[in-house]
Each structure stands twice: as C-alpha cells, then as structure tokens.
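Lettering follows sequence order; numbering is per chain, from 1. Only a predicted model underlies this, so the values are computations on that prediction, with no experimental measurement involved.
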Number of protein chains: 2
Amino acid sequence: MTNTIKTKTKLKEINSQSCQEPCLIERGMRVLGGKWKASILWHLKDGPVRFNELSRMLGGASKKMVDQRLKELEVQGLVTREVISDRPIAVAYEITDFGRTALDILEKLKDWTQANNI
Amino acid sequence: MTNTIKTKTKLKEINSQSCQEPCLIERGMRVLGGKWKASILWHLKDGPVRFNELSRMLGGASKKMVDQRLKELEVQGLVTREVISDRPIAVAYEITDFGRTALDILEKLKDWTQANNI
DNA sequence: GCAACCAGTATACTTTTAGTAACCACCAAG
DNA sequence: CTTGGTGGTTACTAAAAGTATACTGGTTGC
C-alpha cells in the first residue's frame with residue numbers, strides 16, 4: 001500500500017498538470033490586477049476623463065502611479081489617450097472596445113465586494 | 001467663462017466624488033488580486049488539495065508564497081485548513097462556501113483571458 | 001541506517017512596486 | 001509678476017513582494 005492515510009475528506013486525484021506555468025487566472029490577473037488598474041478602467045466606463053481629474057477620482061494615487069498604469073493600459077489596448085486641446089493643453093483618456101469587454105468582470109467584482117462588505 | 005476648451009469628445013461631468021478613497025473595485029482587488037491568490041482559489045474548486053500538491057499545481061510559486069497566500073485566504077474566510085492525518089502529517093486546504101461565491105468572478109476572468117489570448 | 005517525502009519555518013537576500021516631492025513648460029486670471 | 005491650473009518627468013526613498021536555501025521533526029520505504 002502506498003497510501004495509508006485515512007482521509008476524512010475526499011482528496012482531489014493527484015494530477016499536477018491541471019495548470020501549466022502561468023495559468024489563465026494568473027495571466028488575466030496580471031493585466032487587470034495591478035494596483036489602481038481595474039479602478040482606472042472602471043472610472044472610464046462613463047466616458048473620457050482627463051488626467052488630473054482621474055487622479056482626483058482615484059483619491060490617493062499619485063500622478064506617477066496614474067501615469068504608469070495608464071501607459072500600461074494603453075500599451076495593452078484597454079484605453080486610448082487623445083489630446084483634445086493644444087493651447088490650454090488638455091488630454092482625455094478613453095476606454096476602448098476591448099477595455100469594455102473587461103467591464104463585466106469588474107461589475108461582478110464590484111457586486112461581490114458590495115454583497116460581502118469587503 | 002471658466003472653461004474655454006473646445007472639446008472634440010464629450011467629457012464626463014466633473015464630479016470628483018464618484019469614488020471615495022478605496023473604491024469597491026479597489027477593495028475587491030485587494031482580496032482577490034494578490035499574486036497567486038486567485039489561482040489558489042481556482043485550484044481548490046474541485047475539492048481539497050494538499051500543501052505540496054498545491055505548490056506543484058501553481059508551478060513557480062515558492063513555498064513561502066503559497067504559505068503566505070493560504071494564510072491570508074484563511075483569515076479572510078475563503079479557505080479552510082484541516083489536518084487530515086497526524087502520523088504521516090497531512091494537511092488539506094479546502095475552499096469555503098464564501099470562497100465559492102468568488103469563483104464566478106474568476107470564471108469570467110478565465111473566459112476573458114482565454115477569449116483574448118492574454 | 002539512509003534517503004525521500006510531508007508541512008511547514010527561518011533567514012538572508014534581491015527585485016519590484018509604491019509613494020513623495022520637486023521640477024518643467026505652457027497658459028490664464030488677478 | 002505671482003498664483004494656480006494643465007500634463008506630465010525625474011530623482012529618490014520606503015515598503016512590499018518574491019526567491020533561494022537550509023532547517024525541524026516526524027514517517028515511510030529500502
């Protein structure tokens with residue numbers, strides 16, 4: 001007998017290969033899971049927002065953080081940056097169609113947080 | 001006139017108080033968003049798993065990390081730890097009913113990652 | 001006895017991230 | 001001319017996250 005342990009609970013059959021290196025959950029989290037990233041996306045859902053306004057919305061995130069996250073999100077195609085005025089310089093960030101596809105995950109997350117008082 | 005900018009795109013009305021300090025999205029992310037946390041939860045969905053087995057499943061997470069995350073998840077009531085045998089020491093981690101409520105968020109995340117080749 | 005496995009713990013170390021504060025150039029109002 | 005707003009950048013520091021290695025103390029198997 002190789003296993004003499006009397007399990008009180010039925011243990012999952014041992015198959016180590018149920019997930020290869022960075023699994024889907026982990027990979028997804030590395031796109032949406034960074035600090036402020038999901039929040040930024042969420043705050044853009046009702047329309048374009050300006051840089052400084054966004055910083056204020058997040059309340060507590062430094063300009064550097066907002067800037068860094070926005071750049072990441074832009075590279076990943078979740079948001080776009082557009083200059084809306086030159087003279088008094090004004091920039092707006094907008095969520096892309098692809099970015100919108102992530103919103104229902106966030107919606108669920110929001111509901112869950114709310115329902116469980118987290 | 002206070003605002004002389006000619007906006008090409010309709011800008012969101014300026015109301016800085018659309019989110020107070022750590023908003024729902026951010027708070028939720030701080031529970032599920034840590035590295036490996038969501039993955040661990042996901043890998044427990046089919047039944048209890050042992051410590052070393054779980055480490056192998058995550059492939060790449062150190063024991064310390066797995067240990068740390070499991071403790072956090074336990075404190076937050078998402079998983080339970082139970083000793084299933086004393087003599088050859090054996091411990092199994094199991095997802096709680098509360099933990100299960102988070103699984104459909106992760107399911108959506110998984111589908112999203114898969115659908116977009118992330 | 002010796003090696004290997006279980007479930008961790010401890011220590012030391014490196015890397016990454018977060019956050020602060022100051023600064024730029026530009027513009028407008030007072 | 002000074003103050004305040006826009007949209008950032010740069011330099012620096014502090015804290016968190018992660019890695020690697022070794023160790024305990026018991027058990028099982030050869």
Side-chain angles (χ1 to χ4, degrees), chain A residues 1-7 11-12 14 16 21-22 26 29-40 48-74 79-94, chain B residues 1-8 11-12 14 16 21-22 26 29-40 44 48-74 79-94:
Chain A
M1 254 178 239
T2 33
N3 198 352
T4 48
I5 304 165
K6 296 147 208 92
T7 44
L11 268 184
K12 189 174 179 299
I14 283 129
S16 302
E21 299 310 296
E26 209 52 42
M29 268 301 178
R30 277 165 207 185
V31 175
L32 301 176
K35 204 172 177 182
W36 304 118
K37 254 173 137 181
S39 283
I40 288 175
V49 181
R50 295 231 239 142
F51 180 83
N52 279 338
E53 173 60 7
L54 193 58
S55 298
R56 265 177 257 122
M57 277 170 160
L58 298 171
S62 66
K63 283 174 156 213
K64 186 191 154 195
M65 279 300 103
V66 179
D67 191 60
Q68 227 165 64
R69 297 299 149 241
L70 276 171
K71 271 176 185 155
E72 278 174 37
L73 290 166
E74 208 190 335
V79 307
T80 46
R81 175 189 186 273
E82 67 171 320
V83 179
I84 53 172
S85 167
D86 268 349
R87 312 246 248 307
I89 183 150
V91 176
Y93 289 89
E94 193 168 6
Chain B
M1 251 179 237
T2 33
N3 198 350
T4 48
I5 304 163
K6 296 149 206 87
T7 45
K8 281 188 295 186
L11 268 182
K12 190 174 179 299
I14 283 129
S16 301
E21 300 309 297
E26 208 53 43
M29 270 300 179
R30 276 164 208 187
V31 175
L32 301 176
K35 204 171 176 183
W36 304 116
K37 255 172 135 180
S39 283
I40 289 175
L44 294 182
V49 181
R50 298 232 238 143
F51 181 83
N52 278 340
E53 173 61 6
L54 193 57
S55 298
R56 263 177 259 122
M57 277 172 161
L58 298 171
S62 66
K63 283 176 157 211
K64 186 188 159 196
M65 281 300 103
V66 179
D67 192 61
Q68 229 166 62
R69 298 298 149 243
L70 277 171
K71 272 176 186 155
E72 278 174 36
L73 289 167
E74 207 189 338
V79 307
T80 46
R81 174 188 185 275
E82 68 171 319
V83 179
I84 53 173
S85 167
D86 268 349
R87 312 248 244 309
I89 183 151
V91 176
Y93 289 89
E94 195 169 4

(message) Using whole Å, what does the distance between atom C1' of nucleotide dT17(C) and atom CZ of Arg69(A) come to?
(response) 7 Å
(request) Can you tell me the distance, in whole Å, between the CZ atom of Arg56(B) and the P atom of dG8(C)? (result) 13 Å
(request) Round to a whole Å and report the spacing from CD of Gln68(A) to C1' of dA18(C). (result) 9 Å
(message) Whether the side chain of Glu94(B) engages the backbone of Leu44(B) through a donor-acceptor N/O pair (distance < 3.5 Å, no angle test) should be reported.
(response) no
(request) State whether the side chain of Lys37(A) and the backbone N or O of Leu73(A) hold a donor-acceptor pair below 3.5 Å, judged by distance alone. (result) no
(message) Restricting to salt bridge (charged side-chain N to carboxylate O under 4.0 Å, His left out), what partner residues turn up for Glu74(A), sequence neighbours left out?
(response) none
(request) Would you indicate whether the side-chain heavy atoms of Asn52(B) and Lys63(B) approach each other to under 4.5 Å? (result) yes
Between the protein and nucleotides 7-10 of chain D, list the N/O to N/O atom pairs that are separated by less than 3.5 angstrom.
residue	atom	partner	partner atom	Å
dG7(D)	OP1	Arg50(A)	NH1	3.4
dG7(D)	OP1	Val91(A)	N	3.0
dG7(D)	OP1	Val91(A)	O	3.2
dG7(D)	OP2	Asn52(A)	N	3.1
dG7(D)	N7	Lys63(A)	NZ	3.0
dG8(D)	OP1	Arg81(A)	NE	3.2
dG8(D)	OP1	Arg81(A)	NH2	2.6
dG8(D)	OP2	Tyr93(A)	OH	2.8
dG8(D)	N7	Lys63(A)	NZ	3.0
dT9(D)	OP1	Lys71(A)	NZ	3.1
dT9(D)	OP2	Asp67(A)	OD2	2.6
dT9(D)	OP2	Lys71(A)	NZ	2.6

(request) Name all residues meeting the salt bridge (charged side-chain N to carboxylate O under 4.0 Å, His left out) criterion together with Lys35(A); count only those two or more places apart in sequence or in a different chain, and write none if there are none. (result) none
(message) In whole Å, I'd like the distance from the CE atom of Met65(B) to the P atom of dA20(D).
(response) 12 Å
(request) Quickly work out the Ile40(B) CD1 to dG18(D) C1' distance and round it to whole Å. (result) 14 Å
(request) Just jot down the side chain to side chain contact (heavy atoms under 4.5 Å, CB included) partners of Lys71(B), sequence neighbours excluded, or say none. (result) Asp67(B)
